[in-house]
Each structure stands twice: as structure tokens, then as C-alpha cells.
Amino acid sequence: MRSLRIVMFTTFYPPYSFGGDAVGVQRMARALAARGHDVTVVHDEDSYLILGGKVQAEGPADGVRRIGLRARHGVLSNLLTQQLGRPVVHARRIREIIAERRPDILWYNNTSLIGGPGLLPIGEGLKVYEAHEHWLVCPTHVLWRHGRELCDERQCLRCQVAYRRPPQLWRHTGMMGRALDHVDLIIAKSEFSRAKHRDFGLGHEMEVLPYFLPDLPKLAEPFRGHPRPYFLFVGRLEKIKGLQEVFPAMDRHPDADLLILGDGDYATELKRLAGGRENIRFLGRKSPEELDAYYRGALGLIVPSVCYETFGIILIESFRLGTPVIARRLGPFPEIVERAGAGALFRTEDELVAAMRMLQGDPARRAALSEAARGAFAAHWREDRVMAAYGAAFARAAHRRGDRTLAARLNAGALEGR
């Protein structure tokens with residue numbers, strides 16, 4: 001079966017990227033390329049560099065064609081896109097890429113600084129928007145109002161000023177809605193995220209499709225280089241990740257340590273807040289292979305985010321390795337943990353401490369949760385299962401669009417490489 005030509009647009013993409021969203025886009029691009037598809041990813045290099053990012057190693061060839069856009073005056077290019085909601089400097093190059101690649105599928109991810117909503121009407125093909133964050137309804141992407149609290153009602157102008165970002169007047173013109181009229185399928189990463197988009201005024205239908213991970217041919221050996229039982233935190237060290245609220249709980253559970261894997265702008269303050277506690281260790285970034293070993297050796301993964309995530313890839317990373325999760329009862333975490341039956345949820349410090357004591361003090365129950373984690377991963381978040389769900393959703397979108405040829409190919413398993 002002839003491969004599909006796919007062009008993906010995103011603001012951040014490795015090696016010019018922060019955090020898990022870009023890794024999720026890369027994982028999908030690689031999965032598509034591995035199935036024989038012609039995949040091009042177009043991203044904006046300036047946005048990453050302007051925000052202080054350091055260029056990382058490119059890594060080995062993976063079959064994905066990466067096109068990084070960079071302007072002579074990157075700050076001006078990004079400002080024009082952010083303010084006008086369209087690709088001003090790179091519009092001609094974007095049109096050239098689409099004309100050259102002649103894509104069957106135009107796949108948009110975070111388009112905030114690669115072209116804004118004005119990117120969506122450009123070009124032909126099946127158009128898909130995947131909402132890895134809440135940018136469609138939130139100028140700051142994260143529904144974290146004024147940089148200090150969950151957002152439950154719009155105060156966008158004051159909030160953008162608090163974030164030191166120029167207000168986006170185009171958001172009050174209906175431009176986003178008109179642009180999304182050109183999109184055939186809009187994807188939310190969780191039921192919670194779909195509901196939040198609806199609550200904040202998105203009138204277009206969304207379909208829920210989760211992240212995935214490839215299965216492992218062999219589970220990593222548990223990390224044995226730490227002398228005491230430990231719980232694990234994995235992620236960027238930012239205030240909205242809520243790690244600071246775990247520290248007092250560690251005072252009440254001195255029988256285990258908290259190992260923190262990751263780095264970020266809030267790292268220095270977190271180390272200050274940890275106050276030299278002997279059972280809290282900051283270990284920095286780790287390679288994927290090292291991460292797997294740490295997951296395997298942990299009593300459980302603690303996910304204390306205080307903001308509205310759209311999914312939480314680290315939860316399924318943990319499940320894949322059979323490690324239970326203790327997550328805040330917020331955002332998408334309840335639906336993921338409850339679907340897996342592989343962990344505990346908490347609202348209060350008391351509930352967090354109780355969950356840690358349960359995992360450490362009841363080995364039989366932890367073993368059952370570990371088995372449930374592996375089973376749930378295989379059933380719901382393994383790569384082949386999720387790719388099949390994507391193929392079916394794309395086929396329905398192509399049928400609605402009236403492209404019966406593409407719909408037939410997708411129904412026959414083209415996206416999955418069959």
C-alpha cells in the first residue's frame with residue numbers, strides 16, 4: 001500500500017524543545033516513519049532559542065524529515081505571529097513546503113508561534129489539530145491564571161500582563177473559530193481536556209486520543225544504586241508541577257526517600273524549599289535507559305501537578321514498567337489512574353502520606369497494583385493499540401470530508417502501515 005505523505009507543524013520539536021509535548025510529537029512522527037510513511041516536521045527554532053533553550057544533540061537519523069524555520073530577526077518574527085495570529089515572516093516558506101510535499105495529511109500540533117490560527121487555512125489535505133496543551137482556549141496555554149492559581153473564568157487580558165506577554169487582540173475577533181472550520185479532526189488528549197476546551201468556549205467537536213508508548217521487549221532491571229526505598233518524581237522543575245507540596249509529606253514518612261529526576265527554572269527554589277532534608281535527593285536529568293531503571297526500582301511515582309495538564313505521559317511511562325502511581329486528584333489524572341486501577345489519588349497531604357504508607361507497607365497490594373499497571377498499559381496506551389485508534393478516527397474524518405479514497409485507505413490500515 002502506498003505510503004501517506006504527512007506534514008506536521010509544531011512550535012517546539014527536538015532538538016529545539018522543552019518538555020514532554022514535543023517528545024510526544026516526535027514519538028508520533030517516528031512511529032509514522034517506521035510504518036513507511038513520508039513524514040516531514042516543520043517547527044520554529046527561534047521560539048526555543050528566544051526562551052533561553054540550548055541546542056541539544058540531533059541524535060541518529062530516524063526517518064523523519066525535520067525542517068526548522070529561523071528568521072533573521074527571530075524576536076520580531078515570533079512577535080508578529082503572536083500578535084497577528086498568522087505566519088507573517090515564514091508564510092512563503094510554509095506554502096513552498098506544502099506545495100513541495102503535496103501532503104495527504106496536514107497535522108497541526110502546537111501552532112502558537114509557527115503560524116497561529118492563520119496557519120490552518122493554508123494548503124489542502126486532511127487537516128488534523130492535536131491539542132497537546134490548552135492554547136486553543138488559553139493565551140498562556142496552561143489555564144494557570146496570573147501565574148498563581150487554577151483558571152475557572154476568563155481574565156485573559158490581566159493574566160497575559162501578569163505573564164509579561166503582549167495581549168492577543170485577535171482572540172476577541174472569532175479568528176480561532178474560523179480557522180478551526182478548516183480542520184477536519186480536532187484531538188484532545190483526555191476526556192478532562194476535551195471538557196475544559198468546551199468549558200472555555202471551544203464550539204468545535206473534539207475526539208479523545210491519548211498518548212502512547214512502544215512496548216518494551218524486556219523490562220529494565222530495577223535501579224539498585226540507592227541504599228533506601230524511594231518514591232520517584234520525574235519531570236520539569238516548575239512551580240506548576242507541585243513538587244514543593246510533597247516536601248512536608250516526606251517529613252511525615254521518613255522510611256523512604258524522594259528521588260527527583262529532572263531540571264528546570266524552579267530548581268534552585270525547590271532546593272531551597274527542600275531545606276536540606278536528607279530524604280529528598282535532586283538527581284538531575286537522566287537518559288531514557290536510566291529513567292526506566294529508576295521507575296522499576298521505585299515504590300511508586302508521585303505526580304503532584306497543581307495545574308490542569310492535558311494528559312500526563314509520565315503516568316503511562318510508569319505503568320509500562322509496572323510501577324504504581326500516586327497522583328493529585330486533579331485534571332486528567334483521575335481518569336487515567338482509575339482506568340488503570342494501578343495507583344492512588346490524593347487531594348490532601350494526609351491522603352498523600354497514606355498512599356505512600358500503603359505502597360511501602362503492603363507489598364501484596366503493591367504487587368497487585370504493579371500487575372494492573374502493566375495490563376492497563378498493554379490494553380490502553382501501547383503503541384499499536386493507540387495507532388489503530390488514530391487510524392479509525394482519521395478514516396472517519398476523511399469520510400466526513402468527502403475523501404472516500406483516503407477514507408478507504410485509512411480504514412484498510414494505512415496509518416498503521418498495513
- Message: If you count heavy atoms of other groups shown closer than 6.0 angstrom to CZ of R65, is the number above 12?
- Response: yes

- Query: Under the criterion salt bridge (Lys or Arg N to Asp or Glu O under 4.0 Å), which of R27, R30, R35 is the partner of E383?
  - Reply: R35

- Are the side chains of R101 and D38 in touch, meaning some heavy atoms are under 4.5 Å apart? yes

- Query: With respect to F212, which candidate in M28, R382, R385 satisfies the side chain to side chain contact (heavy atoms under 4.5 Å, CB included) definition?
  - Reply: M28

- Is it true that the NZ or CZ of K127 lies under 6.0 Å from the centre of Y108's six-membered ring and within 45 degrees of the ring axis? no

- Query: Do you know which two heavy atoms are closest between D104 and L406, and how far apart they sit?
  - Reply: O-CD2, 4.0 Å

- Task: Answer yes or no: is there a donor N or O on one side and an acceptor on the other, between the side chain of Q26 and the main chain of A22, under 3.5 Å?
- Result: no

- Query: Does some side-chain heavy atom of R409 sit less than 4.5 Å from a side-chain heavy atom of L4?
  - Reply: yes

- Item | Audit row: L321, L216, side-chain contact (heavy atoms from CB on, under 4.5 Å) steps and yes/no | CA-CA 9 Å; L321 289 151; L216 297 169; 3.6 Å; yes

- Message: Once rounded to the nearest 0.5 Å, what's the spacing between atom NE2 of H380 and atom CD1 of I316?
- Response: 11.5 Å

- Message: Do the side chains of R285 and E290 get close enough for a salt bridge, i.e. N-O under 4.0 angstrom?
- Response: no

- Query: Between Q168 and P139, what is the shortest heavy-atom contact and its length?
  - Reply: OE1-CB, 3.5 Å

- Query: So how far is it from I98 CD1 to L119 CG, rounded to the nearest 0.5 Å?
  - Reply: 6.5 Å

- Task: Assess whether atom NE2 of H141 is packed by more than 12 heavy atoms of other residues, nucleotides or ligands within 6.0 Å.
- Result: yes

- Query: Is there a donor-acceptor pair under 3.5 Å between the side chain of S190 and the backbone N or O of F311?
  - Reply: no

- Query: Can you tell me if R178 uses its side chain to pair, donor with acceptor, with the backbone of T173 under 3.5 Å?
  - Reply: yes

- Query: Yes or no on side-chain contact (heavy atoms from CB on, under 4.5 Å) for D184 and R400, after CA distance, side-chain angles and deciding distance?
  - Reply: CA-CA 8 Å; D184 303 294; R400 290 193 299 269; 5.9 Å; no

- Could you tell me whether Y163 and W144 have their ring centroids closer than 6.0 angstrom? no

- Give a yes or no on this: more than 12 heavy atoms of other residues, nucleotides or ligands lie within 6.0 Å of atom CD of Q155. yes

- Query: Are any of the side-chain nitrogens in R277 or D251 under 4.0 Å away from the carboxylate oxygens of its partner?
  - Reply: yes

- Test item: L32 and L415 side chains (from C-beta on) under 4.5 Å apart, heavy atoms: yes

- Item | Flag side-chain contact, heavy atom, 4.5 Å: L126 against F394 | yes

- Message: I'd like to know whether W381 forms a side-chain contact (heavy atoms from CB on, under 4.5 Å) with L315, so could you lay out the CA-CA distance, the side-chain angles of the two residues, the decisive distance to 0.1 Å, and finally the verdict.
- Response: CA-CA 10 Å; W381 300 295; L315 278 76; over 6 Å; no

- Query: Would you say the side chains of D46 and H73 form a donor-acceptor pair under 3.5 Å?
  - Reply: no

- Query: Taking atom CZ of R95 as the centre, does the number of heavy atoms from other residues, nucleotides or ligands within less than 6.0 Å exceed 12?
  - Reply: no

- Note on the structure: Only one of R70, H43, Q56 passes side-chain hydrogen bond (donor to acceptor under 3.5 Å, both in side chains) with Y16, and that residue is R70

- Message: Show the nearest heavy-atom pair for residues A256 and M250, with the distance to one decimal.
- Response: O-CE, 3.3 Å

- Query: Do R272 and T268 have side chains that get closer than 4.5 Å, going by heavy atoms?
  - Reply: no

- Query: Between E149 and R145, is there a salt bridge with N-O shorter than 4.0 Å?
  - Reply: yes

- Message: When you measure from the side chain of R236 to the backbone of Y266, do you find a donor-acceptor pair of N or O atoms at a distance under 3.5 Å?
- Response: no

- Message: Looking at every heavy atom in both A327 and V337, which two are closest together, and how far apart are they?
- Response: CB-CG2, 4.2 Å

- Query: Does NZ in K286 sit with more than 12 non-hydrogen atoms of other residues, nucleotides or ligands closer than 6.0 Å?
  - Reply: yes

- Backbone N or O of D257 within a donor-acceptor pair of the R281 side chain at under 3.5 Å? no

- Report yes if some heavy atom in the side chain of Y129 is under 4.5 Å from a heavy atom in the side chain of T111; otherwise report no. yes

- Query: So, R374 side chain and R320 main chain: donor-acceptor pair closer than 3.5 Å or not?
  - Reply: yes

- Query: Taking the six-membered ring for Trp, are F282 and F247 parallel (under 30°), tilted (30 to 60°) or perpendicular (over 60°)?
  - Reply: perpendicular

- Task: Would you please test E100 and R5 for salt bridge (Lys or Arg N to Asp or Glu O under 4.0 Å) and show each step?
- Result: CA-CA 11 Å; E100 290 167 2; R5 295 184 301 273; over 6 Å; no

- Assess whether atom CG of D215 is packed by more than 12 heavy atoms of other residues, nucleotides or ligands within 6.0 Å. yes

- Closest heavy-atom pair and its distance - L106, G123: CD1-C, 4.0 Å

- Item | Check: M358 and L369 side chains under 4.5 Å, non-hydrogen atoms | yes

- Hey, could you give me the CZ/CG distance between R404 and N411, rounded to the nearest 0.5 Å? 12.0 Å

- Task: Flag the pair R329 and E338 as a salt bridge only when some basic side-chain nitrogen lies within less than 4.0 angstrom of an acidic carboxylate oxygen.
- Result: yes

- Query: Where the side chain of E335 meets the backbone of E191, is there a donor-acceptor pair that is under 3.5 Å apart?
  - Reply: yes

- Item | Within-4.5 Å side-chain heavy-atom neighbours: L120 and L180 | yes

- Message: Looking at every non-hydrogen atom in both residues, tell me the closest pair between M176 and P117 and how far apart they are.
- Response: SD-CB, 4.0 Å

- Do any N or O atoms from the side chain of S17 and from the backbone of F12 form a donor-acceptor pair under 3.5 angstrom? no

- Rounded to the nearest 0.5 Å, what's the gap from CG on D292 to CD on E317? Could you check? 8.0 Å

- Side chains of H132 and T310, donor plus acceptor under 3.5 Å: no

- How many angstroms lie between atom CZ of R154 and atom SG of C138, to the nearest 0.5 angstrom? 8.0 Å

- Message: Which label fits Y48 and F18: parallel for a plane angle under 30°, tilted from 30 to 60°, or perpendicular past 60°?
- Response: tilted

- Task: Can you establish whether the number of heavy atoms outside E58 located under 6.0 Å from its atom CD is more than 12?
- Result: yes

- Message: I want to check a possible cation-pi pair here: K196 against Y308, using under 6.0 Å from ring centre and within 45° of the ring axis as the test.
- Response: yes

- Within the side chain of H197, is there an N or O that forms a donor-acceptor pair under 3.5 Å with the backbone of S193? yes

- Output for pair (I94 CD1, R86 CZ), nearest 0.5 Å, gives 12.0 Å

- Message: Please determine whether side-chain contact (heavy atoms from CB on, under 4.5 Å) holds for the pair L209 and V386, giving the CA-CA distance in whole Å, both sets of side-chain angles, and the decisive distance to 0.1 Å.
- Response: CA-CA 7 Å; L209 293 169; V386 177; 5.6 Å; no

- Any sub-3.5 Å donor-acceptor pair from R328's side-chain atoms to S305's backbone N or O? yes

- For residues N110 and S112, is any side-chain donor paired with an opposing acceptor at under 3.5 Å? yes

